[in-house]
Visitor: 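Got a structure for you, questions after.
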Amino acid sequence: MQSLFGKNIPISLWNSSTLYLPLHLANAHKKFLEERGWWASYDPNGSGGIGGISTAQAQDHVTNRFLNSAARMQFVCSDPNDEEILVREMVLDQLADGKIYLLDLAAGNGSGTLSLLSLICELREHGCLPKLPLNVSISGVDYSVDALGYYADLLGRLDPWFVSNGININLTLYNCDLSISGDFNEVLESFLKDAEDGEIKRFLCVVSALSGAKKDGIALLLDSLKLAAAALSHKKRNSSWLWVEPYVGKTWITKAIDTVKLTLQKVAHVFSSKGESFEIVTSTLKLEEKPKRSFKWLDPHKGVSAISHVFVVGFKNE
Ligand SMILES: C[S@@+](CC[C@H](N)C(=O)[O-])C[C@H]1O[C@@H](n2cnc3c(N)ncnc32)[C@H](O)[C@@H]1O
């Protein structure tokens with residue numbers, strides 16, 4: 001396992017209590033916007049929405065929300081203030097070396113996962129982590145064909161940098177509506193079969209910025225999320241789950257995450273809708289509320305700083 005502390009984070013990522021996105025990531029996004037003629041419409045204080053199935057929603061989201069989502073992921077995984085070091089350790093442990101299968105659910109344009117990989121890459125480049133060969137097979141699942149196309153485009157721009165730091169990525173995209181669990185089950189079978197064919201037993205599931213779907217939207221996706229958790233809970237699999245959300249101060253999102261966690265950890269529980277939120281009844285595990293964490297980050301396109309609020313949940317099957 002890699003050992004890292006907040007004070008060791010290079011100043012290219014964290015300086016004077018401000019988060020900086022890796023230059024390669026910021027430049028990849030800038031070039032992406034410029035080449036598509038969308039640079040002039042970059043307005044992070046305006047719309048940006050939550051993404052969605054339409055071309056317009058996907059464009060708006062990748063233009064205006066990509067960096068913010070990336071900043072949240074980088075903040076919780078680098079953890080510069082050593083607030084939740086278990087999450088950082090879990091991520092660095094899973095992505096230290098060797099081969100891993102990464103399931104990116106509601107992946108959209110891949111902002112969360114590309115930020116996570118960019119963080120690892122920047123830490124390697126600065127000698128904070130060893131450059132051991134790392135092969136990550138990503139399956140990105142979303143119902144927006146456009147967003148998935150942006151994911152591939154942005155990864156293509158970052159790939160030479162990743163490769164030069166020993167990180168090899170293989171991206172498979174699945175256009176799938178996660179509210180139809182039968183369709184998602186086909187994706188999951190294919191993902192697991194590929195891993196099994198390669199004799200891979202290490203898995204990471206990433207969910208980032210799904211709470212925009214609100215309580216009813218999340219409820220629609222839970223069958224699929226729990227299918228994934230049940231499959232990854234297999235005792236012969238070494239599975240981690242990383243879930244990062246903007247802090248919205250609502251219990252429905254933390255309870256939804258808890259039911260996925262309990263499924264991954266094979267803990268019997270009853271999950272039901274209750275008023276504006278959900279309720280979980282379980283006798284064995286104490287569930288905790290997640291603290292709000294706030295941080296300042298520099299928007300590299302505008303050159304101005306912004307404040308974001310985030311919470312993270314990381315858990316394993318063993
Ligand atoms: C706010 S974006 C998050 C994107 C990305 N995970 C990130 O890190 O920023 C939410 C994503 O959920 C996707 N989504 C919402 N409902 C979905 C569904 N029923 N099936 C598949 N994807 C869905 C949207 O298309 C969108 O790309």
Side-chain angles (χ1 to χ4, degrees), residues 21 25-26 28-29 32 44 47-77 91 102-119 138-155 158 171-188 191 204-228 241-248 253 256-257 260 297 308-314:
L21 290 161
L25 182 66
H29 185 246
F32 168 91
S47 66
I50 56 165
I53 203 165
S54 79
T55 296
Q57 285 171 313
Q59 177 181 332
D60 201 18
H61 195 254
V62 74
T63 304
N64 293 318
R65 289 290 173 269
F66 182 88
L67 296 182
N68 196 350
S69 187
R72 282 193 300 266
M73 178 62 80
Q74 182 177 318
F75 179 72
V76 296
C77 291
V91 166
L102 190 156
L103 188 57
D104 193 348
L105 296 179
N109 50 58
S111 171
T113 296
L114 292 176
S115 169
L116 172 57
L117 294 168
S118 296
L119 167 68
I138 303 176
S139 287
V141 187
D142 203 286
Y143 66 5
S144 164
V145 183
D146 297 284
L148 291 174
Y150 305 152
Y151 195 158
D153 183 336
L154 287 154
L155 172 60
L158 291 164
L171 177 65
T172 306
L173 299 172
Y174 291 99
N175 177 217
C176 170
D177 185 342
L178 287 161
S179 66
I180 301 173
S181 54
D183 280 346
F184 175 65
N185 195 42
E186 288 178 21
V187 169
L188 193 60
F191 171 78
L204 175 62
C205 184
V206 176
V207 182
S208 159
L210 200 47
S211 56
K214 305 277 188 276
K215 182 197 165 196
D216 291 347
I218 292 281
L220 281 175
L221 311 182
L222 273 178
D223 282 351
S224 289
L225 298 180
K226 289 172 79 170
L227 262 181
W241 196 296
L242 177 67
W243 195 323
V244 181
E245 290 291 339
Y247 187 86
V248 287
I253 182 65
I257 296 173
V260 173
W297 63 284
S308 282
H309 312 288
V310 65
F311 76 93
V312 59
V313 189

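First listed ligand is number 1; within each ligand, the first listed atom is number 1.
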Visitor: Which residue and non-hydrogen atom of the protein lie closest to atom 8 (O) of ligand 1, and at what distance in Å?
Guide: Ser208 OG, 2.7 Å
Visitor: Got the closest protein heavy atom to atom 27 (O) of ligand 1, with its distance?
Guide: Asp142 OD2, 2.8 Å
Visitor: Report the nearest protein non-hydrogen atom to atom 9 (O) of ligand 1: residue, atom name, distance rounded to 0.1 Å.
Guide: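 Here the nearest protein heavy atom works out to Ser69 OG, 2.8 Å.
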Visitor: Does Gly112, backbone or side chain, put an N or O under 3.5 Å from an N or O of ligand 1?
Guide: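 Checking ligand 1 against Gly112, an N or O pair does fall under 3.5 Å apart.
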Visitor: Restricting to pairs with a member in residues 212-225, which pass side chain to side chain donor-acceptor pair (under 3.5 Å), not counting sequence neighbours?
Guide: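 Only Lys215-Ser273 qualify under side chain to side chain donor-acceptor pair (under 3.5 Å).
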Visitor: List the residues meeting salt bridge (Lys or Arg N to Asp or Glu O under 4.0 Å) with Asp146, not counting sequence neighbours, and say none if there are none.
Guide: none
Visitor: Report the C-alpha distance between Glu245 and Ser211 in whole Å, list the side-chain angles of each, state the deciding distance to 0.1 Å, and finish with yes or no for side chain to side chain donor-acceptor pair (under 3.5 Å).
Guide: CA-CA 7 Å; Glu245 290 291 339; Ser211 56; 2.6 Å; yes
Visitor: With the threshold set at under 4.0 angstrom, would you say Cys176 reaches ligand 1 through any of its heavy atoms?
Guide: yes
Visitor: Could you tell me if any non-hydrogen atom of Gly212 lies under 4.0 Å from any atom of ligand 1?
Guide: no
Visitor: Answer with side chain, backbone, both or neither: which part of Arg65 has a heavy atom less than 4.0 angstrom from an atom of ligand 1?
Guide: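 No part of Arg65 comes within reach of ligand 1.
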Visitor: Ignoring hydrogens, just give me the one of Leu148, Leu105, Leu178 whose non-hydrogen atom is nearest atom 20 (N) of ligand 1.
Guide: Leu178
Visitor: Taking only non-hydrogen atoms of Ala107, do any sit less than 4.0 angstrom from ligand 1?
Guide: yes
Visitor: Can you tell me if Met73 has a non-hydrogen atom under 4.0 Å from ligand 1?
Guide: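 In this structure, Met73 fails to qualify as a contact of ligand 1 - no heavy atom is under 4.0 Å.
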Visitor: With distance as the sole criterion, is a donor-acceptor pair present between the side chains of Tyr174 and Asp142 under 3.5 Å?
Guide: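 No, no side-chain donor-acceptor contact under 3.5 Å.
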Visitor: I need the nearest protein heavy-atom contact for atom 19 (N) of ligand 1: residue, atom name and distance, please.
Guide: Asp177 OD1, 2.9 Å
Visitor: Output the distance between atom OG (Ser118) and atom CG (Leu155), rounded to the nearest 0.5 Å.
Guide: 9.5 Å
Visitor: Pick, from Tyr143, Phe66, Phe184, the option with the minimum heavy-atom distance to atom 16 (N) of ligand 1.
Guide: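 Closest candidate by heavy-atom distance is Tyr143.
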Visitor: Just by modelled atom types, is the Gln59 backbone N or O under 3.5 Å from a matching donor or acceptor in the Thr63 side chain?
Guide: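 Looks like yes, one N/O pair under 3.5 Å.
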Visitor: Tell me: protein heavy atom nearest atom 10 (C) of ligand 1, and distance?
Guide: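 Nearest neighbour among protein heavy atoms for atom 10 (C) of ligand 1, to 0.1 Å: Ile50 O, 3.4 Å.
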Visitor: Which of parallel (below 30°), tilted (30 to 60°) and perpendicular (above 60°) describes Phe66 and His29?
Guide: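 Phe66 vs His29 ring planes: parallel.
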Visitor: Check ligand 1 against Leu221 and write out every atom of the ligand that is under 4.0 Å from a heavy-atom position of the residue.
Guide: 18 (C), 19 (N)
Visitor: Purely on distance, is any nitrogen or oxygen of Ala106 under 3.5 Å from one on ligand 1?
Guide: yes
Visitor: Say whether Asn68 and Ser308, considering side chains only, have a donor N or O and an acceptor N or O under 3.5 Å apart.
Guide: yes
Visitor: Counting C-beta onward and ignoring hydrogens, is there a side-chain heavy-atom pair between Phe311 and Val76 closer than 4.5 Å?
Guide: no
